[in-house]
Undergrad: 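Sharing a structure below in structure tokens format, with a few things to ask.
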Amino acid sequence: MPELPEVETYARYFARHALNQRIASVNVIDERILGEVRKETFVRKLKGCTFTSVRRHGKHFFADAGATWLHLHFGMTGDLAYYRDTPPRFAKIVFAFDGGMHLAFEDVRLFGLADLVDSPDDFIRERGLGPDPLDRAFTPKRFAALLEGRRGAIKSLLMTQEIIAGLGNLYVDEVLYQTAIHPRRPVHRLKDAEVQTVFATIRRILRESIARQARDAELPGAFLFHHREVGERCPRCGGTIRRTVVFGRTTYFCAKHQR
DNA sequence: TTCCATGTTCCGCA
DNA sequence: TTGCGGAACATGGA
């Protein structure tokens, strides 16, 4: 489930297992997972290299391979698997390291992406991505400035990667649920205090989720996360959970306490 | 069989 | 310019 907490968890997994080992071979099992780079170039530039560090910005992951950076986006169903013998069923790219271990980038639906970039910073700038909400430079003031002068639904803005990078459908619903704001509320109708609460809640929820390694079962039971079902009882106020569509995405909210 | 899905992009319209 | 609805992409699972 790749939103920011999941990608952060993958980044830590990658760093824990796949750094400082020489890449003996690169197997691109399905070329459709590649972005701009050609298969031959992808293999040639990574074979023999060593990943030395990782970075994450929003839902984008980067690994330093020396002369180039591996760039991964996990789409809807991307995942990583470090293993010795048996590749995961939906492996699309496999890196084999000296010593016999492997790292697979797997993705059932192929909405993910693997590519090479010269510089993550340039990529982030060229793509126009907004700040990462866990970055130090992301302050309450900056957040308020990002929303300034906009008129769309709060959910739409929080989902837009060019405004804030990393939140997706589930976590935006979670943030608005916990701040008692209706997903369709126009952003210019938010009070200053509410904007500050949204800022603080984004950071708290992301940190809590990362601390639990973004595993569904370990997220607090009071999270909307566990109650995404029409007619479900809201654990916070006893109201009824409803479903609607905002920004083209299925949206769950409590009809009673989210206004 | 039908519907739905944690993401992104592109097009048309207001 | 901004915002939004809809469609498309590819595929498994309920």
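Per chain, numbering begins at 1; letters A, B, ... match sequence-line order.
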Undergrad: Is the shortest side-chain heavy-atom distance between A:M76 and A:V108 below 4.5 Å?
TA: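 A:M76 does not reach A:V108 side chain to side chain.
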Undergrad: Output the rounded distance in Å from CZ (A:R127) to C1' (B:dT8).
TA: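 So the two atoms are 8 Å apart, to the nearest Å.
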Undergrad: Atom CZ of A:R228 to atom C1' of B:dC4: distance rounded to whole Å?
TA: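 One finds 12 Å between C1' of B:dC4 and CZ of A:R228, rounded.
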Undergrad: Please tell me if A:H73 has a side-chain N or O lying less than 4.0 Å from either OP1 or OP2 of B:dT8.
TA: yes
Undergrad: Give me, pair by pair, the N or O atoms of the protein and of nucleotides 3-7 of chain C that are less than 3.5 Å apart, along with how far apart they are.
TA:
residue: C:dG3; atom: OP1; partner: A:R151; partner atom: N; Å: 3.1
residue: C:dG3; atom: OP2; partner: A:R150; partner atom: NH1; Å: 2.9
residue: C:dC4; atom: OP1; partner: A:A153; partner atom: N; Å: 3.1

Undergrad: Select base, sugar-phosphate, or nothing to describe what A:R243 touches, counting heavy atoms under 4.0 Å on all strands.
TA: nothing
Undergrad: In Watson-Crick or G-U wobble terms, both distances under 3.5 Å, what is the partner of B:dT1?
TA: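 Paired with no nucleotide.
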Undergrad: Between atom CG in A:L147 and atom P in C:dT2, what is the gap in whole Å?
TA: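 Nearest whole value for this atom pair: 14 Å.
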Undergrad: Give the ring-plane orientation class for A:F95 versus A:F42, where under 30° counts as parallel, over 60° as perpendicular and anything between as tilted.
TA: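 Judged by the thresholds at 30° and 60°, the geometry between A:F95 and A:F42 is tilted.
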Undergrad: Only counting residues at least two apart or in another chain, list the ones meeting side chain to side chain donor-acceptor pair (under 3.5 Å) with A:S156.
TA: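 None.
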Undergrad: Between A:E174 and A:I205 (side chain of the first, backbone of the second, donor and acceptor by atom type, cut-off under 3.5 Å), is there such a pair?
TA: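 No: the side chain of A:E174 does not pair with the backbone of A:I205.
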Undergrad: So which protein nitrogen or oxygen atoms get under 3.5 Å of nucleotides 10-14 of chain C's nitrogens or oxygens?
TA:
residue: C:dA10; atom: O4'; partner: A:R109; partner atom: O; Å: 3.3
residue: C:dA10; atom: N1; partner: A:R109; partner atom: NE; Å: 3.2
residue: C:dA10; atom: N1; partner: A:R109; partner atom: NH2; Å: 2.7
residue: C:dA10; atom: N3; partner: A:R109; partner atom: NE; Å: 3.4
residue: C:dT11; atom: OP1; partner: A:R32; partner atom: NH1; Å: 3.3
residue: C:dT11; atom: OP1; partner: A:R32; partner atom: NH2; Å: 2.8

Undergrad: Parallel under 30°, tilted from 30 to 60°, perpendicular over 60°: which one fits the rings of A:F199 and A:F143?
TA: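 If you compare the ring of A:F199 with that of A:F143, the planes turn out tilted.
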Undergrad: Only one of A:K155, A:R249, A:Q178 passes side chain to side chain donor-acceptor pair (under 3.5 Å) with A:D173; say which it is.
TA: A:K155
Undergrad: Has A:Y10 got a side-chain atom pairing as donor or acceptor with A:P2's backbone, closer than 3.5 angstrom?
TA: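 A pair under 3.5 Å: no.
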Undergrad: For A:E162 and B:dG7, give me the distance from atom CD to atom P, rounded to whole Å.
TA: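 Taking atom P of B:dG7 as the reference, CD of A:E162 is at 14 Å.
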Undergrad: Need the pair for C:dA10. Rule: Watson-Crick or G-U wobble, both distances under 3.5 Å, any strand; none if unpaired.
TA: none
